[in-house]
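Below: one structure, written as structure tokens.
Excluded from the calculations below are hydrogen atoms, water molecules and symmetry mates; all remaining heavy atoms, backbone and side chain alike, are included. Just so you know, ligand 1 is whichever comes first in the structure, and atom 1 is the first atom listed for that ligand.
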Amino acid sequence: MIVRVHGLVIRVLPYRESDALVTLLTREAGKIGLIAPGARKVRSRLAAHTQLLRLGTYILYRGRSLYRLDQADTTALLKTRLHDPLVNQRTMEMLEWVMRLTEDEVSDPFLYDHVERSFLRLDQGEPLDVTWLIFQLVMLSHMGYGPSWDRCTRCGLSDDLKAFVPQEGGMICGTCLKHHPPLHNVTLLPPRLVWVLQQIVRTPPHLLGSVRLKPENVELVLKPLAQFVFLHVPVRFRTQEVWRGADELIRLAEDLKRARRAPGTGEDEGDVS
Ligand SMILES: [Zn+2]
């Protein structure tokens with residue numbers, strides 16, 4: 001059976017002597033694995049079409065377990081900014097999210113449009129942190145992991161949403177915050193920012209244009225969002241490991257400071273010769 005799909009190359013592995021094993025995220029068939037015969041030969045006509053982040057139309061032959069790439073008509077290689085280490089790092093993180101959060105061969109045009117649009121944003125030089133924020137917000141919401149941006153996670157009301165609390169799964173309203181303030185990691189968010197976050201999650205990817213956010217507001221959301229992902233998404237990403245590593249270092253530094261201040265052991269006491 002011959003199929004024609006629109007897709008983005010999200011992983012390439014060497015396979016046998018000169019073939020490539022390619023993972024393609026497609027609009028029509030979801031995430032699929034395919035063999036590109038001879039794609040690693042120097043003069044292969046498939047080589048250019050099977051590079052990481054190549055976007056285009058692929059004509060595949062459906063085998064018993066894998067697809068085989070027959071021909072392709074690719075339009076873009078979304079790699080123009082990968083020389084920037086930060087863009088490179090975010091790209092790898094986004095690819096990891098797509099690989100690990102999507103199921104094989106389940107068509108999901110919304111998800112496909114969102115992923116394609118996100119890599120286009122990166123490639124076209126839109127602000128990196130905004131792109132990373134939108135990517136995560138929509139992925140989490142679409143895959144059913146939340147967070148809840150439009151209702152208080154305690155009382156369910158949608159008015160006066162004041163603070164993002166990762167431990168409680170999303171936003172908390174002013175009244176709940178006043179009566180029982182959470183013990184840890186409360187991030188107060190300006191109402192306008194909450195509104196923008198709600199719009200990002202609600203708007204279909206192909207209708208979401210440029211999003212303007214102040215860098216300090218993006219930063220305000222990114223850190224608690226990383227905590228949220230760590231607490232509520234049942235997948236361990238490298239990004240989370242980095243975040244956890246940083247947190248661990250801060251804790252060690254604080255312990256060290258406390259130990260130095262302890263009587264008889266620190267320079268505060270003036271007894272270190
Ligand atoms: Zn409430």
Side-chain angles (χ1 to χ4, degrees), residues 90 93-94 97 100-102 108 110-111 113-115 117-118 121 127-237 239-248 250-251 254:
R90 286 295 181 229
E93 285 167 5
M94 283 162 56
W97 274 54
R100 309 225 11 225
L101 286 179
T102 55
D108 187 343
F110 181 101
L111 179 90
D113 288 346
H114 170 59
V115 171
R117 185 81 191 87
S118 297
R121 279 179 199 279
L128 185 59
D129 282 347
V130 177
T131 301
W132 173 230
L133 177 65
I134 296 174
F135 174 79
Q136 293 181 91
L137 290 176
V138 177
M139 283 294 278
L140 291 171
S141 160
H142 187 63
M143 307 314 278
Y145 294 120
S148 163
W149 295 111
D150 53 6
R151 284 187 187 283
C152 173
T153 55
R154 287 192 191 167
C155 69
L157 293 181
S158 52
D159 298 329
D160 189 32
L161 297 171
K162 276 262 158 46
F164 180 48
V165 186
Q167 280 81 352
E168 303 203 18
M171 296 299 294
I172 286 189
C173 75
T175 312
C176 289
L177 192 65
K178 205 164 136 192
H179 290 321
H180 293 284
L183 294 175
H184 310 285
N185 300 319
V186 179
T187 306
L188 295 173
L189 300 181
R192 172 78 192 166
L193 176 59
V194 176
W195 183 83
V196 173
L197 298 175
Q198 292 170 345
Q199 299 312 309
I200 290 172
V201 171
R202 276 182 204 150
T203 310
H206 65 284
L207 296 178
L208 188 68
S210 282
V211 176
R212 280 172 219 276
L213 278 170
K214 290 182 191 159
E216 60 267 31
N217 279 342
V218 178
E219 205 178 313
L220 196 62
V221 184
L222 279 178
K223 195 177 173 195
L225 188 63
Q227 289 175 305
F228 176 90
V229 170
F230 178 72
L231 291 168
H232 300 283
V233 179
V235 174
R236 287 288 154 262
F237 300 108
T239 38
Q240 291 169 333
E241 298 309 314
V242 170
W243 171 76
R244 210 158 46 152
D247 212 50
E248 185 77 355
I250 291 166
R251 211 171 49 76
E254 277 166 3

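Inspection of the environment of the Zn ion (ligand 1) yields the following protein N, O or S atoms under 2.8 Å: C152 SG, C155 SG, C173 SG, C176 SG.
Remark: the backbone N or O of P166 is paired with a side-chain donor or acceptor of H232 at under 3.5 angstrom. Judged by distance alone, the side chain of R117 and the main-chain N or O of L207 form no donor-acceptor pair under 3.5 Å. R151 places no side-chain N or O within donor-acceptor distance of the main-chain N or O of I172, the cut-off being under 3.5 Å. A distance-only check finds no donor-acceptor pair linking the side chain of R121 to the backbone of T131 [under 3.5 Å].
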Going by atom type alone, with no hydrogens or angles, which donor-acceptor pairs under 3.5 Å involve a side-chain atom of residues 134-142 and a protein atom two or more places apart or on another chain?
unit_1	atom_1	unit_2	atom_2	d
Q136	NE2	W132	O	3.4
H142	NE2	D108	OD1	3.1
H142	NE2	D108	OD2	2.8

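Note that CE of M171 and CD of Q198 are 8.0 Å apart. Values are rounded to the nearest 0.5 Å.
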